[in-house]
Participant: 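Before anything else, here's the structure in question.
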Amino acid sequence: MTKIQMKTPLVEMDGDEMTRILWQEIKDILLTPYIDLKTEYYDLGLPHRDETDDRVTVESAEATKRLGVAVKCATITPNVQRMSEYHLKKMWKSPNGTIRRILDGTVFRAPILCEGIVPYIPGWKQPIVLARHAYGDVYSAVDEELEAGEKAYLVIENEKGEVRRRLIHAFDGAGVVQGMHNTDASIRSFAHSCFRYAVENGIPMIFSTKDTISKQYDGRFKKIFEEVYEEYRASFEEKGIWYLYTLIDDAVARVVRSEGGLLWACKNYDGDVMSDMVATAYGSLGMMSSVLVSPDGKYEYEAAHGTVTRHYYRYLEGENPSTNPMATLFAWTGALRKRGELDGIEALMTFADKLEEAAIATIESGVMTKDLSGLWEGETPARSVTSAEFLQAIRAELDKRL
């Protein structure tokens, strides 16, 4: 068959460990045989980030602003253990945090649902979409260790040089302090993205923070969301959907008791944690799509899980792990579909649709990775296969559809 031609490259951000292996297998088995794949490649693997003093991460984000669509593999955010394992110059910050700080916007995460895979919370009959603010908070925070006898202050200086400060804590013993921020512009953009998504998809929306404790910081989010909602109230009422602000702990209880079918908007860290909870409850961290949408219409698709370190170590020992590639595959299909939409390439959009259909059909036929087999309640017995075998099974299904 003639390969589908692309006009504009995708920004390709390669990653680490087992997901890096899957990344290449997906390209070799499911993409390059069908597409004349054009990408602008950035190696965000931890060794190369260290070599470039993490400049490559900034360059990949800047390329996304220039080309409009990116696809990202999972990457390591180093801790003390990784410092010694990879002989790093320093503990580099989260690459996702760096990219999101540059692009701003909102991360939308939705479960990939398959007939026969029963969620751990069986009451969830419809998707729960997580909207995660992609700017600021702990991911852009500054922190410092303090010694006994030291004091930490919040210091603010205006344009006239006038300074006001508040004591955070006077330390009798050693401790730590952290300062984080957000901006009205980013919060407002986040609110618009969430309300637009709810209206366009006709689903109700919950927004949750903890303004009873963080009265000014979280209170600012609540106030801006209330203001922005007034611009969408008529559309919500016309669609017959609702908007609710509530505390994060109440939201958790409501969501767990729900049947799904709603958008749950969270601040940056809350969204990080809750999206993993939702993905796992639907079956697996490997069954969640994720896209960052910036205020100026740039898109970065990624797998919303880690680098699957334990599987990678087994892979290095010669094993063929059964690692779920669905989230990484759907990052590619999402990026290809958006690239086709922006460039007017219908064939690219159709290919992305058919590849997703083939992947879901493969699972629904009873062929799946090990993480899903324990949840299987389909008519045929589940057959647990390796990652490569699973991708080959998807390819066979894809060929039937093309």
Side-chain angles (χ1 to χ4, degrees), residues 8-16 19 39-46 48-78 88-109 130-143 178-194 196-197 221 224 265-272 275 289-304 306-307 331-332 334-335 338-339 342:
T8 311
L10 295 171
V11 177
E12 178 183 354
M13 306 175 185
D14 209 345
D16 289 296
T19 45
T39 71
E40 189 169 302
Y41 179 84
Y42 294 87
D43 183 359
L44 267 58
L46 186 52
H48 190 60
R49 277 185 274 144
D50 193 58
E51 290 170 13
T52 63
D53 294 333
D54 210 29
R55 179 63 197 171
V56 65
T57 306
V58 175
E59 290 171 349
S60 71
E62 291 172 344
T64 304
K65 295 179 75 171
R66 173 166 44 84
L67 294 175
V69 184
V71 58
K72 181 183 175 295
C73 184
T75 47
I76 294 170
T77 299
L88 302 177
K89 299 172 187 174
K90 61 183 290 188
M91 274 192 286
W92 304 106
K93 289 192 174 184
S94 160
N96 287 335
T98 299
I99 293 165
R100 291 167 189 156
R101 185 173 64 253
I102 293 171
L103 296 180
D104 199 357
T106 303
V107 178
F108 292 100
R109 290 178 171 169
L130 257 293
R132 173 187 173 187
H133 191 204
Y135 179 83
D137 293 349
V138 296
Y139 301 88
S140 300
V142 176
D143 48 25
Q178 182 180 74
M180 64 184 194
H181 78 283
N182 229 292
T183 68
D184 282 8
S186 183
I187 299 168
R188 198 170 296 277
S189 171
F190 173 43
H192 278 289
S193 296
C194 295
R196 275 199 303 267
Y197 188 100
F221 276 82
I224 290 174
C266 295
K267 288 165 52 196
N268 205 341
Y269 178 76
D270 294 344
D272 189 0
S275 63
S289 65
S290 180
V291 57
L292 166 63
V293 183
S294 75
D296 56 349
K298 313 301 181 188
Y299 299 83
E300 184 236 342
Y301 295 82
E302 63 175 342
T307 57
W332 274 106
K338 180 56 66 174
R339 186 76 276 165
L342 295 177

Participant: Report the relative orientation of the aromatic rings in F190 and H133; use parallel for angles under 30°, tilted for 30 to 60°, perpendicular for over 60°.
Facilitator: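 Rings of F190 and H133: parallel, under 30°.
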Participant: Between K89 and D53, is the closest basic N to carboxylate O distance under 4.0 Å?
Facilitator: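 A salt bridge links D53 with K89.
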Participant: Checking S275 side chain against D272 main chain: does a donor-acceptor pair fall under 3.5 Å?
Facilitator: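 Yes, because the side chain of S275 sits within donor-acceptor range (under 3.5 Å) of the backbone of D272.
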Participant: Do Y135 and H181 make the cut of ring centroids closer than 6.0 angstrom?
Facilitator: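 Y135 vs H181: aromatic centres under 6.0 Å.
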Participant: So, E59 and R66, do they make that salt bridge, N to O below 4.0 Å?
Facilitator: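 Salt bridge flag = no for R66 with E59.
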Participant: Measure across T19 and G306 and return the closest heavy-atom pair with its distance rounded to 0.1 Å.
Facilitator: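 Heavy atoms of T19 and G306 come nearest at CG2-O, 3.5 Å.
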Participant: Kindly give the heavy-atom pair with the smallest separation between P9 and R339, and that separation in Å.
Facilitator: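 Residues P9 and R339, closest heavy atoms: O-NH1, 3.7 Å.
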Participant: Which heavy atom of Y269 sits nearest to which heavy atom of D137, and what is that distance?
Facilitator: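 Looking at all heavy atoms of both residues, the closest pair is N-OD2, 4.5 Å.
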Participant: If every non-hydrogen atom of C73 is compared with every non-hydrogen atom of G15, which pair is closest and at what distance?
Facilitator: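 So the two residues come closest at CB-N, 3.4 Å.
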Participant: Please say which of D54, T57, D14 ends up in a side-chain contact (heavy atoms from CB on, under 4.5 Å) with L44.
Facilitator: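 Only one option passes, and that is T57.
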Participant: Pick one: which of L103, V71, L292 meets side-chain contact (heavy atoms from CB on, under 4.5 Å) with T64?
Facilitator: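 That would be L103.
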Participant: Could you tell me which residues satisfy side-chain contact (heavy atoms from CB on, under 4.5 Å) with A185, sequence neighbours excluded, listed by chain and number?
Facilitator: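 Partners of A185 by the side-chain contact (heavy atoms from CB on, under 4.5 Å) criterion, ordered by chain and then number, come out as T183.
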Participant: Under 4.0 Å between a side-chain nitrogen and a carboxylate oxygen: does that hold for R109 and E302?
Facilitator: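 Judged by the 4.0 Å cut-off on N to carboxylate O distance, R109 and E302 do form a salt bridge.
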Participant: Please confirm whether the backbone N or O of I76 pairs with a side-chain atom of D16, one donor and one acceptor, at under 3.5 Å?
Facilitator: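 Indeed, once roles are kept as given, a pair shorter than 3.5 Å links the two residues.
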Participant: Report yes if the side chains of N268 and V138 come closer than 4.5 Å at any heavy-atom pair, otherwise no.
Facilitator: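 No, their side chains stay 4.5 Å or more apart.
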Participant: Taking all heavy atoms of K93 and all of A141, pick out the closest pair and write down the distance.
Facilitator: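 Smallest interatomic distance, heavy atoms only, reads NZ-O, 3.6 Å.
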Participant: Between atom CG of L130 and atom OG of S290, what is the distance when rounded to the nearest 0.5 Å?
Facilitator: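 It is 9.5 Å, given to the nearest 0.5 Å.
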Participant: Could you give the distance from SG (C194) to CZ (R132), rounded to the nearest 0.5 Å?
Facilitator: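 So the SG of C194 and the CZ of R132 are separated by 13.0 Å.
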Participant: Sequence neighbours left out, what passes side chain to side chain donor-acceptor pair (under 3.5 Å) with K72? Give chain and number order.
Facilitator: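 Partners of K72 under the side chain to side chain donor-acceptor pair (under 3.5 Å) test: T75, N96.
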Participant: So which heavy atom on R49 is nearest to which on P78, and how close?
Facilitator: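 Reported closest heavy-atom pair: NH1-CD, 4.4 Å.
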Participant: If we check side-chain contact (heavy atoms from CB on, under 4.5 Å) with V69, which of these qualifies: K338, E300, K298?
Facilitator: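 Among K338, E300, K298, the one that satisfies the side-chain contact (heavy atoms from CB on, under 4.5 Å) with V69 is K338.
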Participant: Relative to F221, does K267 satisfy both conditions: NZ or CZ under 6.0 angstrom from the six-membered ring centre, and within 45 degrees of the ring's axis?
Facilitator: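 Ring-cation test returns yes.
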Participant: Kindly determine whether L10 and W332 satisfy side-chain contact (heavy atoms from CB on, under 4.5 Å), including the steps that lead there.
Facilitator: CA-CA 10 Å; L10 295 171; W332 274 106; 3.9 Å; yes
Participant: To the nearest 0.5 Å, what is the distance between NZ on K90 and CG on D50?
Facilitator: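 Answer rounded to 0.5 Å: 10.5 Å.
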Participant: Just verifying a value: how many Å separate T8 OG1 and L67 CG, rounded to the nearest 0.5 Å?
Facilitator: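 The CG atom of L67 is 7.5 Å from OG1 of T8, to the nearest 0.5 Å.
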